[in-house]
Amino acid sequence: MTLMTADEYVASLRSVRKRVFVLGEEVGDYVDHPLIRPSLNACAETYAVAQEPAYEALATARSSVTGERVNRFTHLHQDPGDLVAKVKLLRLLGQRTGCCFQRCVGMDALNAVDSVTFELDRDLGTGYHARFREYLRHVQARDLVVDGAMTDPKGNRRLAPGEQADPDLFLRMTERRADGMVVRGAKVHQTGAVNAHEILIMPTQSLAEADAAYAVACAVPADAPGLLCVVGRQPSDSRKLEGVDAGNARFGGHEAVIILDDVFVPWERVFLCGEVRHAGLLVERFAGYHRQSYGGCKVGVGDVLIGAAQALAEYQGTEKASHIRDKIIEMVHLNETLFACGIACSAQGTATASGTYLVDLLLANVCKLNVTRFPYEIARLAQDIAGGLLVTLPSERDFQHPAVGGYLEKYLRGVARYSTEQRCRMLRLVENLTIGPGAVGYLTESLHGAGSPQAQRIMLGRLADIGSKVRLAERLAGYGETSGSL
Ligand SMILES: Cc1cc2nc3c(=O)[nH]c(=O)nc-3n(C[C@H](O)[C@H](O)[C@H](O)COP(=O)(O)OP(=O)(O)OC[C@H]3O[C@@H](n4cnc5c(N)ncnc54)[C@H](O)[C@@H]3O)c2cc1C
């Protein structure tokens, strides 16, 4: 079975006996937990879309490793067309779920580890790449969800891993055995961790030789002994428990803190172990892919938000006003600019030594830097169009109350041909995406996910080759290498 259906995916998770903590309690049946289930539904869409004939070319691909048709989320990009298809697929899924569907972090990690292990073996004569390809076969054959686990807690940001007051603030190898290694530490902000079968661990930053114990990349099953998963809170998440006013009727995201309390990893699942120079390369490659991803998924969610703002304008009778039309067009412009960046860095992708294609890193960083800003402006414009009821609307339960429900129905109606319920549901959706749990994925993840804005600026400074631009200017100004007369 190389392609699971959505139902098979949900069923498969029931046998992953991971330890999950939610709101201070360990939950056995995390699959049906009301705080988790919307995110599981969103992740399941990555399976559902792969079953639809109309999306076969977008959502699946012929594996370069096994020759089988696999879900694109487990595929190694074989050409720029694969990179472009990825961005389009992520946009489609953002449109369908209106939230983070969690599976691209793993795809980005798989692609990054593939090329880096190849180059590591070539440079140092190690044997990681064949191991990794074997692991990838396992993932592709079972159509697994892989959590890409990069971010360490990091403690005092001024200090290197080995200088921290507590050496475990960055994940590290604590023991080397004949059959494998033991790792200890934590990974924070892990998108969709509860919905994953596998955790693919990578270092969080470039490392110096003194910190070789922190240069670790490896894969562990999500239910490995010693692994604990603590789900983070999101704004208004208790509405999912109440069953009302959620905004997004079916979908949501989640992040978790993963704790690895001396987890054993057999050598066949270890892909980096002490080679500090390649730790930095792995971080850079993963970040590049993930910065590309946001040019797809956030654009899809942006499409939903633009649609919701337009719908509200129509429900409230403002849609023909010139400033409202301008604002909708501005939202479209910003959103499509992000898509253009995602497509551009993909179309300009090039082959790495392993044969796996990598995005144009400069353009991927431009993409992500725009993503740190434009969704906030799109959200601001949507809130402008929505009006204040966005944050003052009574509960669905008040609408059902015999004493006040009728009044609310009467007084909160906009244009007569639309129902009050229609208007209120749309307001809740905009609330969800711009202030509620959806804003975690659409806004804060846009800011910090795949690295905070400064990380992209540092990469732009490194990749922009500003010296060559100076030489261009000097040449035209008439001095420098090919100087002419003034
Ligand atoms: C919703 C969401 C989902 C995410 N999903 C994942 C995931 O699935 N997997 C994963 O591995 N990670 C994930 N991340 C983590 C993401 O990559 C990090 O949030 C990001 O790298 C920033 O790290 P941080 O949160 O520790 O913030 P910090 O690194 O503390 O950054 C906070 C601020 O401090 C600045 N700063 C940090 N260090 C320094 C320094 N040394 N000198 C000067 N300034 C500094 C930063 O530029 C930033 O402005 C996710 C994050 C979010 C918000």
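Note that ligands are numbered from 1 as they come in the structure, with each ligand's atoms numbered from 1 the same way.
Near Thr151, meaning under 4.0 Å from one of its heavy atoms, ligand 1 places the atoms 10 (C), 11 (O), 12 (N), 13 (C), 14 (N), 15 (C), 16 (C), 17 (O). Of all atoms in ligand 1, numbered sequentially from 1 with element shown, those under 4.0 Å from a heavy atom of Lys154 are 23 (O), 24 (P), 26 (O), 29 (O). Residue Ala149 has at least one heavy-atom neighbour below 4.0 Å for each of these atoms of ligand 1: 11 (O).
Atom 14 (N) of ligand 1 has its nearest heavy-atom neighbour, among His189, Arg457, Arg157, Met150, in His189.
For atom 22 (C) of ligand 1, the closest non-hydrogen atom on the protein side is Ser452 OG, 3.3 Å. In this structure, the protein non-hydrogen atom closest to atom 20 (C) of ligand 1 is His448 O, 3.1 Å. At the top of the distance list for atom 21 (O) of ligand 1, counting protein heavy atoms only, stands Gly451 CA, 3.6 Å.
Protein heavy atoms are found inside the 4.0 Å sphere centred on atom 41 (N) of ligand 1. Protein non-hydrogen atoms do not reach within 4.0 Å of atom 33 (C) of ligand 1. Per-atom contact check: atom 3 (C) of ligand 1 touches the protein, criterion being a heavy-atom distance below 4.0 Å. Proximity of atom 36 (N) of ligand 1 to the protein is not indicated, since no non-hydrogen protein atom lies closer than 4.0 angstrom.
With a 4.0 Å cut-off on non-hydrogen atoms, Ala455 does not touch ligand 1 at all. When heavy-atom distances to ligand 1 are checked against a 4.0 Å cut-off, Thr191 comes that close through both its backbone and its side chain. When non-hydrogen atoms are compared, ligand 1 lies under 4.0 Å from the side chain of Gln454 (C-beta onward) but not from its backbone. Residue contacts with ligand 1 for Ala450 involve N, CA, C or O but no side-chain atom from C-beta outward (heavy atoms, distance under 4.0 Å). The proximity of Lys187 to ligand 1, defined as any non-hydrogen pair under 4.0 Å, does not occur for either the backbone or the side chain.
With Phe339 as the aromatic partner, Arg91 meets the cation-pi criteria of under 6.0 angstrom to the ring centre and within 45 degrees of the ring axis.
By the 3.5 Å distance cut-off applied to N or O atoms, Gly148 is counted among the residues near ligand 1.
In this structure the side chain of Arg14 reaches within 4.5 angstrom of the side chain of Asp32, judged on heavy atoms.
At least one heavy atom of Gln190 lies less than 4.0 angstrom from ligand 1.
Summarising the geometry, atom CD belonging to Glu336 is positioned 6.5 Å from atom CG belonging to Asp303; distances are rounded to the nearest 0.5 Å.
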